[in-house]
Amino acid sequence: MPRPLGELEDAVMTRVWKWNRPVTVREVLEDLQQERSIAYTTVMTVLDNLHQKGWVRREAEGRAYRYEAVSTRAAYAAALMNDAWSQSDNPAAALVAFFGMMSDEQRQALRDAVRIVQGPETSWEPPGTETAPAEAESAESPVPPGAPAGSEGEKPGGNPGKNPAEMRDEKSPDASEDPTGR
């Protein structure tokens with residue numbers, strides 16, 4: 001999985017992603033110089049490093065190169081989130097804690113993303129989201145993505161009436177009560 005970009009790598013990639021076209025070292029340099037003092041060779045080295053790491057592809061144009069992003073910022077952010085989530089020893093609790101940190105706008109973006117993945121016929125609400133009783137009854141399927149078939153009425157994770165953050169590791173009698181898994 002990707003490691004987070006360094007500060008200068010991120011500043012360079014931000015421009016490459018934003019412009020969404022092949023860019024030259026000179027273009028990136030001139031834009032960066034509006035914020036900081038930086039040398040042409042520094043930007044060239046950063047873009048070369050990003051090319052070697054697989055973040056950008058390049059094509060020769062005369063004596064210079066044009067650099068283009070290999071993937072989107074959204075794909076980069078998703079890979080970082082997936083990597084962080086996969087490091088958790090209790091993924092369900094990590095998601096519940098993450099959802100609890102979200103603003104209302106972020107929860108709405110999550111609902112929209114789930115609708116896109118599942119299709120408009122399925123309704124799902126992240127933990128910590130209050131749904132009016134009439135709305136909850138009209139939902140066709142309250143089952144989150146990845147839940148086993150036939151688990152309607154169950155909370156995420158497929159255990160009736162249990163919140164994943166409250167579930168204990170049943171293999172270990174002294175599992176922590178802490179929902180973050182600490």
Are Val25 and Thr41 close enough that some pair of their side-chain heavy atoms sits under 4.5 Å apart?
no
Given Asp112 and Arg107, is the salt bridge (charged side-chain N to carboxylate O under 4.0 Å, His left out) satisfied, shown in steps?
CA-CA 9 Å; Asp112 293 343; Arg107 283 193 193 98; over 6 Å; no
In this structure, CZ of Arg111 is separated from CD1 of Ile116 (nearest 0.5 Å) by 13.5 Å
With rounding to the nearest 0.5 Å, note down the distance linking OH in Tyr40 to CD in Glu30.
10.0 Å
Flag side-chain contact, heavy atom, 4.5 Å: Arg73 against Thr14
yes
Less than 6.0 Å separating the ring centroids of Phe98 and Trp85?
no
Look up atom CG in Asn49 and atom CG in Leu5, then write down how far apart they are to the nearest 0.5 Å.
11.5 Å
Sequence neighbours excluded, the answer for side-chain contact (heavy atoms from CB on, under 4.5 Å) partners of Ser37 is none
With sequence neighbours left out, the residues meeting side-chain contact (heavy atoms from CB on, under 4.5 Å) with Thr72 are Ala74, Ala75
Using the rule that Ile, Leu, Val, Met, Phe, Trp and Tyr join whenever any side-chain heavy atoms are under 4.5 Å apart, tell me whether Val70 and Tyr67 fall into a single cluster.
no
Scanning both residues in full, the closest heavy-atom pair of Leu110 with Phe99 reads CD2-CE2, 3.3 Å
Grouping I, L, V, M, F, W and Y whenever their side-chain heavy atoms are under 4.5 Å apart, do Ile38 and Val28 come out in a common cluster?
yes
Can you check salt bridge (charged side-chain N to carboxylate O under 4.0 Å, His left out) on Glu68 and Arg57, steps first, answer last?
CA-CA 5 Å; Glu68 186 174 20; Arg57 65 179 144 256; 3.8 Å; yes
Met13 to Ala69 - nearest heavy-atom pair and separation
CE-CB, 4.2 Å
Close side-chain approach of Leu32 to Arg15, heavy-atom, < 4.5 Å:
yes
For Glu7, does the CD atom sit with more than 12 other heavy atoms under 6.0 Å from it, leaving out its own atoms?
no
Taking the side chain as every heavy atom from C-beta outward, state whether Met102 and Gln108 have any pair of such atoms under 4.5 Å apart.
no
Are the side chains of Arg36 and Leu8 in touch, meaning some heavy atoms are under 4.5 Å apart?
yes
Under 6.0 Å from the CD atom of Glu59, do we count more than 12 heavy atoms belonging to anything else shown?
no
Just wondering, do Glu27 and Trp19 contact through their side chains at under 4.5 Å, heavy atoms?
yes
For the OH atom on Tyr76, are there more than 12 heavy atoms of other groups (residues, nucleotides or ligands in this structure) within a distance under 6.0 Å?
yes
Residues two or more places apart in sequence or in another chain: which of them pass side-chain contact (heavy atoms from CB on, under 4.5 Å) with Lys53?
Arg3, Glu9, Trp55
Do Arg58 and Tyr65 form a cation-pi contact, if we require the NZ or CZ to be under 6.0 Å from the six-membered ring centre and within 45 degrees of the ring's axis?
yes
Closest non-hydrogen atom pair between Leu47 and Val56, with its separation
O-CG2, 3.8 Å
Does some side-chain heavy atom of Asp104 sit less than 4.5 Å from a side-chain heavy atom of Gln106?
no
